[in-house]
Amino acid sequence: MDTPLSTIAVVGLGTMGTGIAEVLALAGREVIGIDISEAAARQAVTALEASTARAVGRGRITEQERADALARFRTHDTLQAAADAELVIEVVPETYEIKQQVFRELDAVVSPTAILATGTNALSVTRLAAESQRPERVLGLHFFNPAPAMKLVEVVSSVLTAPPAVAAVTKLARELGKEPVAVGDRPGFVADGLLFGYLNQAAAMYEANYASREDIDAAMKLGCGLPMGPLALLDLIGIDTARTVLEAMYAASHDRLHAPAPVLGQLSEAGLTGRKAGRGFYTYDAPGGQTVVADAATPSAEAAAGDGRSIASVGVAGSGTMASGIAEVFAKAGYTVVLAARGQEKADLAKARIATSLERSVTKGRLTAEARDESLGRITAAGSLDAFAEVDLAVEAVAEDLEIKQQLFATLDKVCRPGAVLATTTSSLPVIAIARATGRPEDVIGMHFFNPAPAMKLVEVVRTVLTADDVHATVRAVCTKIRKHPVDCGDRAGFIVNALLFPYLNNAIKMVEEHYASLDDIDAAMKLGGGYPMGPFELLDVVGLDVSLAIEKVLHKEFRDPGLAPAPLLEHLVAAGCLGRKTGRGFREYARR
């Protein structure tokens with residue numbers, strides 16, 4: 001089975017097939033492009049000519065390399081052309097009927113030693129292999145779009161696949177400059193298996209009118225560093241394609257998190273499948289266009305604005321990293337800040353932390369020495385909440401414990417002047433339960449900053465059913481003044497970011513529990529295939545496994561969905577004291593500092 005894989009056929013010359021053909025041709029392989037549509041074949045040649053011309057213009061390849069690559073790419077309209085191929089990669093439409101027909105016809109054409117690969121991301125490789133006369137030579141080879149740019153390739157084995165076939169295509173992937181990860185046969189594999197569950201939850205969140213499409217997308221981009229928001233990504237992928245993948249995932253898992261949100265079906269049936277149709281969750285300038293244009297759902301600037309309360313002074317309660325970061329943000333924006341902690345010593349230490357942070361900004365050229373001194377001069381460290389008597393806005397950033405926060409807000413209710421806005425930075429507790437600890441719940445709102453507060457642009461603005469309109473308008477205006485991006489969401493567990501992020505992290509843990517893929521392969525898949533800045537296990541160890549478990553428990557309690565139950569492996573690691581980077585061991589081990 002030692003196959004050189006120098007002649008490769010690509011069946012299906014759509015966007016993905018053409019991209020794969022380009023990668024192969026530039027890597028020195030003879031490429032046989034096959035499509036029953038002459039128009040598709042001509043378009044593939046045109047696309048390859050244009051793409052390689054751009055590569056020459058950017059200095060990535062020479063003109064001779066371009067000419068050689070184009071000469072290695074030949075198109076045909078029949079599967080008979082694959083007779084001499086050592087590897088065939090099919091990327092035809094995502095249905096069993098079409099793919100099985102292709103495999104049956106290939107059985108009669110290719111040599112007994114040829115490897116047959118499916119590019120599916122949703123269908124069972126095992127089921128496709130079982131239809132073939134050579135199931136041991138059938139596997140999955142899942143490239144990501146756009147194939148020339150994306151480094152990840154998932155190499156999918158069924159229970160029937162022979163190891164030498166896997167070794168051959170894995171070697172090929174590396175020679176193409178790709179990062180292959182080995183996975184078993186289940187819908188979505190690793191990257192899409194984690195990604196599409198997250199996208200589905202985002203669609204359901206939008207469908208429930210919990211948050212606007214713009215706020216959902218902005219929250220995940222700014223809160224998690226993702227290259228695209230989930231709803232914009234669904235439009236790019238194709239809403240009909242996403243629905244197909246989710247249907248396959250649900251058929252295998254029966255997990256409610258994979259049951260396609262009804263809005264996906266409604267949009268698909270209406271032909272509103274995303275960018276390719278010119279409309280999906282968003283409206284675009286033309287079918288296939290990339291520019292979003294305003295439509296009936298686009299929020300107006302007038303609607304977002306409103307008459308708020310005047311804010312000149314801010315009180316920040318707490319002495320930890322978040323409290324000092326928030327105080328720094330307000331001081332740099334020109335507000336007078338009172339930083340109150342439990343005791344003067346703690347408050348002084350928190351102010352000293354701010355001084356250190358400001359000094360780093362000066363060293364890095366982000367802040368002038370004069371601005372540093374002015375910002376630090378606006379901050380008063382106090383050892384008691386009594387110092388909040390005249391502040392216009394009080395922001396608490398203490399321990400994530402409901403009883404502690406309720407006690408603090410009961411104190412704020414007594415100390416702060418009438419009309420002062422009271423804000424909690426909770427990331428998982430019900431804001432209304434905190435508000436009811438006061439005699440003025442209409443003045444209470446959530447302002448969920450992200451850590452580190454000076455760097456992270458997102459603030460989730462959380463209204464309760466009792467929050468006054470002018471309080472909401474005030475906080476949105478304040479967010480703009482401190483150069484943060486506010487997103488509106490209701491008072492329910494996880495708000496936007498954590499409600500979408502932590503089920504994804506939990507599902508990654510379940511993959512490891514089931515021995516489906518390794519930590520390293522899952523992290524690599526999400527960074528290379530999904531564009532995530534960190535893999536799920538890297539992120540879990542940074543956040544802290546104890547913090548992650550607490551949020552998972554809150555989400556499970558709120559939504560009562562069995563799929564949200566914390567993975568046992570997470571609970572076991574927390575019980576063992578393996579909490580991530582802060583303890584030197586979590587999902588991975590870290591050198592002690």
Side-chain angles (χ1 to χ4, degrees), residues 306-344 346-355 357-358 367 370-398 405 408-426 431 434-435 438-449 453-454 459 461-462 467-484 486:
D307 294 329
R309 304 178 187 180
S310 177
I311 304 293
S313 59
V314 179
V316 180
S319 58
T321 303
M322 181 60 82
S324 59
I326 293 171
E328 177 183 335
V329 167
F330 278 105
K332 286 194 294 190
Y335 289 96
T336 299
V337 179
V338 178
L339 178 58
R342 291 182 299 172
Q344 190 64 45
K346 283 182 175 291
D348 290 339
L349 287 172
K351 184 173 179 179
R353 187 184 298 118
I354 296 171
S357 175
L358 292 171
L367 198 69
E370 183 181 8
R372 172 201 61 199
D373 295 341
E374 290 176 353
S375 297
L376 198 61
R378 295 188 188 103
I379 302 172
T380 300
S384 166
L385 292 175
D386 290 340
F388 283 10
E390 297 302 322
V391 301
D392 304 311
L393 166 65
V395 182
E396 72 77 14
V398 299
K405 290 185 187 290
L408 186 144
F409 270 76
T411 302
L412 291 177
D413 190 28
K414 297 173 184 175
V415 168
C416 294
R417 66 169 182 79
V421 175
L422 310 181
T424 172
T425 61
T426 183
V431 178
I434 297 169
T438 75
R440 42 173 147 174
E442 68 280 1
D443 290 339
V444 179
I445 195 167
M447 285 185 77
H448 179 211
F449 288 80
V459 175
V461 178
V462 188
T467 302
D469 289 342
D470 65 339
V471 167
H472 174 247
T474 298
V475 167
R476 284 192 62 92
V478 165
C479 287
T480 300
K481 187 171 180 182
I482 62 176
R483 298 182 178 180
K484 301 299 182 186

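For the atom pair Ser319 OG and Leu349 CG, the distance stands at 8.0 Å (nearest 0.5 Å). Here the SG atom belonging to Cys479 is positioned 6.0 Å from the CZ atom belonging to Phe449, to the nearest 0.5 angstrom. Atoms OG1 and CD1, on Thr426 and Ile434 in that order, are 5.0 Å from each other to the nearest 0.5 Å. To the nearest 0.5 Å, atom CD1 of residue Ile354 and atom CD of residue Glu328 are 6.5 Å apart.
Side-chain contact check for Lys332 versus Leu358: some heavy-atom pair is nearer than 4.5 Å. Side-chain contact check for Val421 versus Met447: every heavy-atom pair is 4.5 Å or farther apart.
When atom types are taken as modelled, the side chain of Lys351 and the backbone of Ile379 share a donor-acceptor pair closer than 3.5 angstrom. Listed for the Glu374 side chain is no donor-acceptor partner under 3.5 Å among the backbone atoms of Ala331. Of the possible polar contacts, one joining the Asp392 side chain to the Ala312 backbone as a donor-acceptor pair under 3.5 Å is found.
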Determine whether Thr438 and Leu412 satisfy the following criterion, side chain to side chain contact (heavy atoms under 4.5 Å, CB included), listing intermediate values before the conclusion. CA-CA 8 Å; Thr438 75; Leu412 291 177; over 6 Å; no
From CA spacing to verdict: side chain to side chain contact (heavy atoms under 4.5 Å, CB included), Leu376, Arg372: CA-CA 6 Å; Leu376 198 61; Arg372 172 201 61 199; 5.6 Å; no
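Residues passing the salt bridge (charged side-chain N to carboxylate O under 4.0 Å, His left out) test with Arg440 are Asp413, sequence neighbours excluded. Phe330 meets the ring pair (Phe, Tyr, Trp, His ring centres under 6.0 Å) test with Tyr335; sequence neighbours excluded.
Other residues, nucleotides and ligands contribute more than 12 heavy atoms inside 6.0 Å of the CD atom of Glu442. By the neighbour-count criterion of 12 heavy atoms within 6.0 Å, atom CZ of Arg342 is sparsely surrounded, having that number or fewer from other residues, nucleotides or ligands.
The shortest non-hydrogen separation linking Ile445 to Val462 is CG1-O, 3.2 Å. Nearest heavy-atom pair, Ala453 versus Val329, reported as atom, atom and distance to 0.1 Å: O-CG2, 3.6 Å.
Under the side-chain contact (heavy atoms from CB on, under 4.5 Å) rule, Val314 has a single partner from Leu393, Thr336, Val391, which is Leu393.
The side-chain hydrogen bond (donor to acceptor under 3.5 Å, both in side chains) contacts involving residues 375-389 comprise Ser384-Asp386, where partners must be two or more places apart or lie in separate chains.
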